[in-house]
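Everything numeric in this text was worked out from a predicted model, so none of it was measured. For reference, positions follow the sequence shown, starting with 1.
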Amino acid sequence: MKTLNIDVAVIGGGTAGLGAYRAAKAHTDSVIMIESGPYGTTCARVGCMPSKLLIAAAESVHQIKKAPGFGVHSQGEIVINGREVMDRVKRERDRFVGFVLEGVDEIPAGDKLSGHAKFIDNNTLQIDDHTRISARRIVIATGSRPAYPAVWNELGERLIINDDVFNWDDLPDSVAVFGPGVIGLELGQALQRLGVEVVMFGIGGQVGPLTDPEVMDYAQRTFNEEFYLDPDVHIESMKRQGDAVEIKYMNKDNELQKITVDYVLAATGRRPNVDQLAVENTALQLDERGVPTADYFTLQTSVDNIFIAGDASNQLPLLHEAADQARIAGDNAGRFPDIRAGLRRSKISAVFCDPQIAMVGETYKEIDTRHGGCGCFETGVVSFENQGRSRVMLRNKGVLHLYGEHGTGRFLGAEMIGPNAEHLAHLLAWAHQNNMTVSEMLDMPFYHPVIEEGVRTALRDLNAKLHIGPEMIKHCLDCGPGC
Ligand SMILES: Cc1cc2nc3c(=O)[nH]c(=O)nc-3n(C[C@H](O)[C@H](O)[C@H](O)COP(=O)(O)OP(=O)(O)OC[C@H]3O[C@@H](n4cnc5c(N)ncnc54)[C@H](O)[C@@H]3O)c2cc1C
């Protein structure tokens, strides 16, 4: 068995692992990155990028179908060539993976190790059965994987996860999506628009990552116009029938329904990859999900020399968060024991369904819990249904809720479903990180006619409710479609 004595060992070679490796390398040459699977990152191989490629194809179909609303008609039927769709998804996906691999190739061979890492103790790692590493500091950057009930495995290859979708050569006829969360909504709606028959089921009533009941209710109604979505379904039975899956469920009218689908897509959440690290051999403190607890600003765990970053930390499983956390954890592992608090930006998240869902800053639930139901905050509201530019583009669906604090007038957060939500969310996140008040945000320029004017209407509504600005004028020119 080979033995190595290293300053910093990084477990995982995904986005967080690569970032932590680079950050630690700025302090010491003695850094090793251990990867048990293929390089290329979850984001590029089976996550952010291939999902957006599939969505882009679906959007093009949707645009054609919407064209008659403008008086524009194409001749003949729309032909969706599933093979061509999947071919482009995979081709472009491979390009993105290729860019990552080029970066990995530039890392010296001696700094990379293949194999599955497990803890022997707070400072020692066993890599498969070939290498033992004694590391002064360790960064856990092991990512996450899909989580679903074990009994579903009885469906065999008819049970799929996101990874499988991006390996398809052609599109199937029908899919039942379990889990109307971020991944379920994105993939489910895209498949539906690409001609696949989709039904979507959830348990507990949650739709997307939203916490504001009114915004969530709007989302549920909107998606139901396109495909059957029951976020709190009762499934009677689900079993393999030859090359298909038969599902019996109670519909919303409490009637028993039977459907047969080609595949069941498990999009029921992801679990951090920390359960196969033998953390029980360390002094790491774990939370109720078995994830090592860590300081939000330093990413240091309860064991001084061990840091954690990315999806493994179970803080915010998003790409930009993985990169930020990696920079902080890697930097601190490199500079240890002189550790520093890193910049944690205002929270921003987006779901690339249509209309898009986005959230900024504190969630409705967090604010409501923090204020203990004391009514210390207000909600500014705008509907996009009559918003000028949104109507022009026939994208007038959605609602935006902005939250502001009584007394200070501070902008606290936002939840929305609507057109261009990814862009509105950036605007709002920048304001949030700058600790702006609602009045200060209203002092900023707004062009005309743009969807951002809807944000201004919601800000005015919020300022009035906070008793900082004037009452909203009904049918005011630039609050409606504008002049
Ligand atoms: C379908 C989908 C769509 C997504 N879309 C978006 C999006 O639009 N925007 C967004 O911000 N985020 C999105 N995400 C989330 C984003 O992809 C993740 O937050 C990000 O990739 C996490 O990076 P990571 O480095 O923590 O994990 P990974 O990139 O998964 O890296 C972890 C690595 O650790 C390795 N590993 C695990 N255990 C061990 C071990 N014991 N020893 C050695 N190596 C190990 C794994 O093989 C893996 O390569 C999406 C995710 C999915 C699945």
Side-chain angles (χ1 to χ4, degrees), residues 1-50 92-119 123-145 163 272-274 276-277 299 305-313 317-336 339-340 342:
M1 170 126 40
K2 204 164 135 189
T3 56
L4 295 170
N5 199 323
I6 298 284
D7 275 349
V8 179
V10 177
I11 314 175
T15 301
L18 286 163
Y21 165 82
R22 288 197 189 100
K25 239 351 217 191
H27 298 276
T28 168
D29 234 12
S30 173
V31 183
I32 201 154
M33 185 175 66
I34 307 138
E35 172 55 61
S36 59
Y39 280 107
T41 75
T42 289
C43 170
R45 284 191 304 106
V46 292
C48 329
M49 301 316 285
E92 289 298 313
R93 182 265 319 264
D94 291 347
R95 269 167 60 85
F96 291 122
V97 172
F99 295 139
V100 179
L101 296 181
E102 279 172 26
V104 172
D105 281 348
E106 282 165 19
I107 297 174
D111 287 3
K112 293 177 281 194
L113 197 57
S114 283
H116 183 90
K118 279 186 177 174
F119 282 97
N123 286 95
T124 315
L125 295 172
Q126 178 67 40
I127 317 305
D128 288 345
D129 51 7
H130 55 74
T131 311
R132 185 161 287 201
I133 299 177
S134 173
R136 281 170 275 286
R137 281 93 68 190
I138 295 169
V139 179
I140 302 170
T142 46
S144 62
R145 64 181 187 277
D163 304 30
N273 290 326
V274 290
Q276 294 154 353
L277 280 174
L299 277 314
N305 66 301
I306 303 179
F307 300 82
I308 191 162
D311 283 13
S313 74
L318 295 169
L319 191 276
H320 66 280
E321 286 288 339
D324 279 355
Q325 291 178 28
R327 217 167 14 248
I328 299 168
D331 179 57
N332 278 332
R335 62 168 58 251
F336 184 83
I339 65 162
R340 305 269 162 89

Exercise. Kindly compute the distance separating CD1 (Ile133) from CG (Leu125), expressed to the nearest 0.5 Å.
Key: 5.5 Å

Self-check item: Heavy-atom closest contact (Ala326 atom, Ala23 atom, distance)
Solution: O-CB, 4.3 Å

Quiz item: Under 3.5 Å, side chain of Asn273 to main-chain N/O of Thr142, donor-acceptor pair present?
Solution: yes

Exercise. For side chain to side chain contact (heavy atoms under 4.5 Å, CB included), just list the numbers for Ile11 and Leu277, CA-CA rounded to whole Å, side-chain angles, deciding distance to a tenth of an Å, and then say yes or no.
Key: CA-CA 10 Å; Ile11 314 175; Leu277 280 174; 4.2 Å; yes

Exercise. Pick out which of Arg22, Arg340, His27 makes a side chain to side chain donor-acceptor pair (under 3.5 Å) with Asp331.
Key: His27

Exercise. Show the numbers, then the answer: is there a side-chain hydrogen bond (donor to acceptor under 3.5 Å, both in side chains) between Asp311 and Ser144?
Key: CA-CA 6 Å; Asp311 283 13; Ser144 62; 2.9 Å; yes

Quiz item: What do the steps show when you test Asn305 against Arg137 for side-chain hydrogen bond (donor to acceptor under 3.5 Å, both in side chains), and what is the final call?
Solution: CA-CA 5 Å; Asn305 66 301; Arg137 281 93 68 190; over 6 Å; no

Exercise. With rounding to the nearest 0.5 Å, note down the distance linking OG in Ser36 to CD in Gln276.
Key: 8.5 Å

Quiz item: Is any side-chain heavy atom of Ile34 closer than 4.5 Å to a side-chain heavy atom of Val10?
Solution: no

Exercise. Check whether any side-chain heavy atom of Asp7 sits under 4.5 Å from a side-chain heavy atom of Val31, and report yes or no.
Key: no

Quiz item: Is there a side chain to side chain contact (heavy atoms under 4.5 Å, CB included) between Leu18 and Thr15 once you walk through the steps?
Solution: CA-CA 5 Å; Leu18 286 163; Thr15 301; over 6 Å; no

Self-check item: Separation between OG of Ser313 and CD1 of Ile140, rounded to the nearest 0.5 Å
Solution: 10.0 Å

Quiz item: Which atom pair, heavy atoms only, marks the closest approach of Cys43 to Pro50?
Solution: O-CD, 3.6 Å

Quiz item: Passes side chain to side chain contact (heavy atoms under 4.5 Å, CB included), Tyr39 versus Val97? Steps please.
Solution: CA-CA 8 Å; Tyr39 280 107; Val97 172; over 6 Å; no

Quiz item: Phe307 versus Ile328: any side-chain heavy-atom pair under 4.5 Å?
Solution: no

Quiz prompt | Phe99 side, atom CZ; Arg95 side, atom CZ - distance, nearest 0.5 Å | solution = 4.5 Å

Quiz item: Which distance, rounded to the nearest 0.5 Å, do you find between the CZ of Arg45 and the CG of Asp94?
Solution: 11.0 Å

Quiz item: Going by heavy atoms in the side chains, are Val8 and Phe336 under 4.5 Å from each other?
Solution: no

Quiz item: Do Asp111 and Tyr21 touch side chain to side chain, with heavy atoms closer than 4.5 Å?
Solution: yes

Exercise. Mind running side-chain hydrogen bond (donor to acceptor under 3.5 Å, both in side chains) on Ser114 and Glu35 for me, showing each step along the way?
Key: CA-CA 5 Å; Ser114 283; Glu35 172 55 61; over 6 Å; no

Quiz prompt | Residue Lys118 excluded, over 12 heavy atoms near NZ under 6.0 Å | solution = no

Quiz item: Using 4.0 Å as the upper bound for N to carboxylate O, is an ion pair formed by Lys25 and Asp29?
Solution: yes

Quiz prompt | Donor-acceptor pair, side chain of Asn123 and main chain of Ser134, under 3.5 angstrom | solution = no

Quiz prompt | Nearest-0.5 Å distance, OG1 of residue Thr42 to CZ of residue Arg145 | solution = 12.0 Å

Quiz item: Between the side chain of Glu106 and the main-chain N/O of Pro108, is any donor-acceptor distance below 3.5 Å?
Solution: no

Practice problem: Identify the heavy atoms of Gln126 and Arg132 that sit nearest to each other, and give their distance. | Solution: OE1-NE, 2.9 Å

Quiz item: Of all heavy-atom pairs between Ala309 and Ala329, which one has the smallest distance, and what is that distance?
Solution: CB-CB, 4.0 Å

Self-check item: Contact check, side chains of Lys112 and Ile32, non-hydrogen atoms, under 4.5 Å
Solution: no

Practice problem: Determine, step by step, whether Ile107 and Met33 satisfy the side chain to side chain contact (heavy atoms under 4.5 Å, CB included) criterion, reporting the C-alpha distance in whole Å, the side-chain angles of both residues, the deciding distance to 0.1 Å, and the verdict. | Solution: CA-CA 10 Å; Ile107 297 174; Met33 185 175 66; 3.9 Å; yes

